[in-house]
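Read the structure below first, then the notes.
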Amino acid sequence: MKKIPILLFVLSLLNCKGPGTKDGSSNGGTTQKFELIVDGNKKNADPGSIISCGYTGAHLVTGYLSEKEDVQLSLSSYMQDLKPGTYQVYDCKSASECNETMPDNNQVAQYGPYPKDPMPALSLFRTAFNAPKLGLKPLTLTITSITDEQMEGSPLMTKRVEGQFSGSMAHVEQEKGGYEWHVVAKTQVEGSFSVFCSIR
C-alpha cells in the first residue's frame with residue numbers, strides 16, 4: 001500500500017499550534033495536554049512537541065508531533081457539528097469495508113515515526129481501518145468537553161476541546177498479483193487530550 005503520511009499536510013492546515021507542557025496540566029492561557037500510549041508505552045510530552053487542532057469543513061483534525069519521542073499522530077474525524085460525542089475514525093481506502101452504514105467521509109487516523117529526510121519506510125506507519133475480515137475496527141474518538149476559551153496570541157477564534165481515543169492501527173498490504181489484503185503489523189494506540197482548537 002502506497003500512502004503519503006498525512007501529518008505534515010494536516011499541520012499545514014492548522015493555525016492553532018502550541019507546545020505541550022512537562023506536567024501535562026491544563027489551566028488556561030496557552031497550556032495544552034496530549035497524552036499518547038503506544039502498545040502500552042507512554043510517549044512523554046515535552047516542550048518541543050507540537051500539538052495542533054482545527055475544526056473546518058465538518059472535520060475535527062488533531063495532530064501530535066514529537067521529534068524527541070520520534071512519533072507523529074494525526075486524527076481527522078467527520079462531524080457535522082463540533083459537539084461532545086463518540087465518533088468512529090477510519091480510512092475508507094484500501095482494506096476498509098465501507099458502505100451505507102460505514103460511509104466514506106474523507107477521514108483518517110494515522111500513526112508513525114517523526115518525519116525525516118529521507119522519509120521513513122511506509123511500513124512503519126499505521127492507519128485505522130474498518131476491516132472486520134482482518135480483525136480491524138475503527139479507532140474510537142470520544143469528545144468529552146467543548147468550552148469557549150481563547151488561546152492567547154491566536155488570531156482565530158478558539159475553543160478548548162477535551163477527549164480521548166483508542167484503537168488498533170495497522171499496516172496492510174495486498175497479496176502480490178491478488179486482491180486480498182493482509183495485516184503486516186498492528187499497533188494499539190490510545191490517549192487523551194485537552195487542546196485549543198481553531199474554528200473556521
Side-chain angles (χ1 to χ4, degrees), residues 5-38 42-91 105-115 127-128 138-167 169 189-200:
I6 67 168
L7 189 67
L8 293 179
F9 170 72
V10 168
L11 291 178
S12 72
L13 296 178
L14 307 178
N15 288 316
C16 182
K17 299 188 285 188
T21 59
K22 289 183 179 180
D23 61 1
S25 62
S26 174
N27 55 10
T30 58
T31 305
Q32 302 189 91
K33 177 182 73 173
F34 201 106
E35 295 181 345
L36 176 63
I37 301 173
V38 180
K42 185 176 181 180
K43 303 295 184 179
N44 296 310
D46 64 273
S49 61
I50 297 175
I51 299 170
S52 299
C53 180
Y55 178 74
T56 180
H59 284 83
L60 177 69
V61 185
T62 61
Y64 175 74
L65 186 66
S66 173
E67 183 175 13
K68 180 179 178 181
E69 290 287 347
D70 192 28
V71 297
Q72 61 169 300
L73 175 74
S74 57
L75 308 175
S76 173
S77 178
Y78 175 78
M79 51 186 76
Q80 289 183 317
D81 299 300
L82 182 59
K83 61 183 180 181
T86 298
Y87 305 88
Q88 301 298 302
V89 187
Y90 54 93
D91 189 346
N105 290 315
N106 191 29
Q107 56 186 341
V108 67
Q110 191 171 67
Y111 165 81
Y114 186 85
T127 302
L139 181 141
T140 299
L141 171 67
T142 301
I143 304 299
T144 56
S145 173
I146 300 172
T147 55
D148 293 330
E149 190 173 339
Q150 184 63 36
M151 182 179 187
E152 292 179 6
S154 175
L156 301 175
M157 181 181 75
T158 66
K159 292 182 181 290
R160 182 175 289 277
V161 178
E162 300 182 354
Q164 60 256 353
F165 56 89
S166 65
M169 304 173 75
V189 175
E190 58 188 294
S192 62
F193 54 87
S194 174
V195 300
F196 287 104
C197 197
S198 63
I199 309 297
R200 294 186 180 182

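The analysis underlying the following values was restricted to heavy atoms, covering all of them including side chains, and did not include hydrogens, waters or symmetry mates. Fair warning: this is a prediction, and the values are worked out from it, not measured in the lab.
- Within the 3.5 Å criterion, the main-chain N or O of Pro113 finds a donor-acceptor partner in the side chain of Gln72.
- Between the CG atom of Leu156 and the CZ atom of Phe196 there is a distance of 13.5 Å, given to the nearest 0.5 Å.
- Note that CD1 of Ile51 is 10.0 Å distant from OG1 of Thr31, once rounded to the nearest 0.5 Å.
- Within the 4.5 Å cutoff, side-chain heavy atoms of Cys53 are placed close to those of Leu60.
- In summary, of the residues considered (Leu75, Leu73, Val161), a side chain to side chain contact (heavy atoms under 4.5 Å, CB included) with Thr62 occurs for Leu75 alone.
- Interatomic distance, OH of Tyr90 versus OG of Ser77, reported as 9.5 Å (0.5 Å rounding).
- Under a cut-off of 6.0 angstrom, the local environment of CD in Glu67 is sparse, with at most 12 non-hydrogen atoms contributed by other residues, nucleotides or ligands.
- Between the side chains of Gln107 and Ser76, no donor N or O sits under 3.5 Å from an acceptor N or O.
- Using a 4.5 Å cut-off on side-chain heavy atoms (C-beta onward), Asp148 and Lys159 make contact.
- Residues Tyr64 and Lys43 come closest through the heavy atom pair OH-O, 4.5 Å.
- Closest heavy-atom contact between Ser49 and Ser66: CB-CB, 4.1 Å.
- Residue Leu36 holds its CG atom at 10.5 Å from NZ of Lys42, rounded to the nearest 0.5 Å.
- Residue Gln80 holds its CD atom at 8.5 Å from CG of Asn105, rounded to the nearest 0.5 Å.
- Contact annotation: the side chain of Phe193 never approaches that of Thr144 to less than 4.5 Å [non-hydrogen atoms, C-beta and beyond].
- For the pair Phe165 and Val189, the minimum side-chain heavy-atom distance is below 4.5 Å.
- The two atoms that bring Ile143 and Tyr87 nearest to each other are CG1-CE1, 4.0 Å, heavy atoms only.
- Considering CZ of Phe34 and CG of Leu65, their distance stands at 11.0 Å, rounded to 0.5 Å.
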Residues Ser192, Glu35; criterion side-chain hydrogen bond (donor to acceptor under 3.5 Å, both in side chains); working and verdict: CA-CA 5 Å; Ser192 62; Glu35 295 181 345; 3.2 Å; yes
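- The backbone N or O of Met79 sits less than 3.5 Å from a side-chain atom of Tyr55, completing a donor-acceptor pair.
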Test log, rule side-chain contact (heavy atoms from CB on, under 4.5 Å), inputs Tyr111 and Val71: CA-CA 7 Å; Tyr111 165 81; Val71 297; 3.6 Å; yes
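- A side chain to side chain donor-acceptor pair (under 3.5 Å) with Ser194 is found for exactly one of Gln32, Glu162, Lys33, namely Glu162.
- At least one donor-acceptor pair closer than 3.5 Å links the side chain of Gln150 to the backbone N or O of Thr158.
- Between Arg160 and Ile146 there is no side-chain heavy-atom pair separated by less than 4.5 Å.
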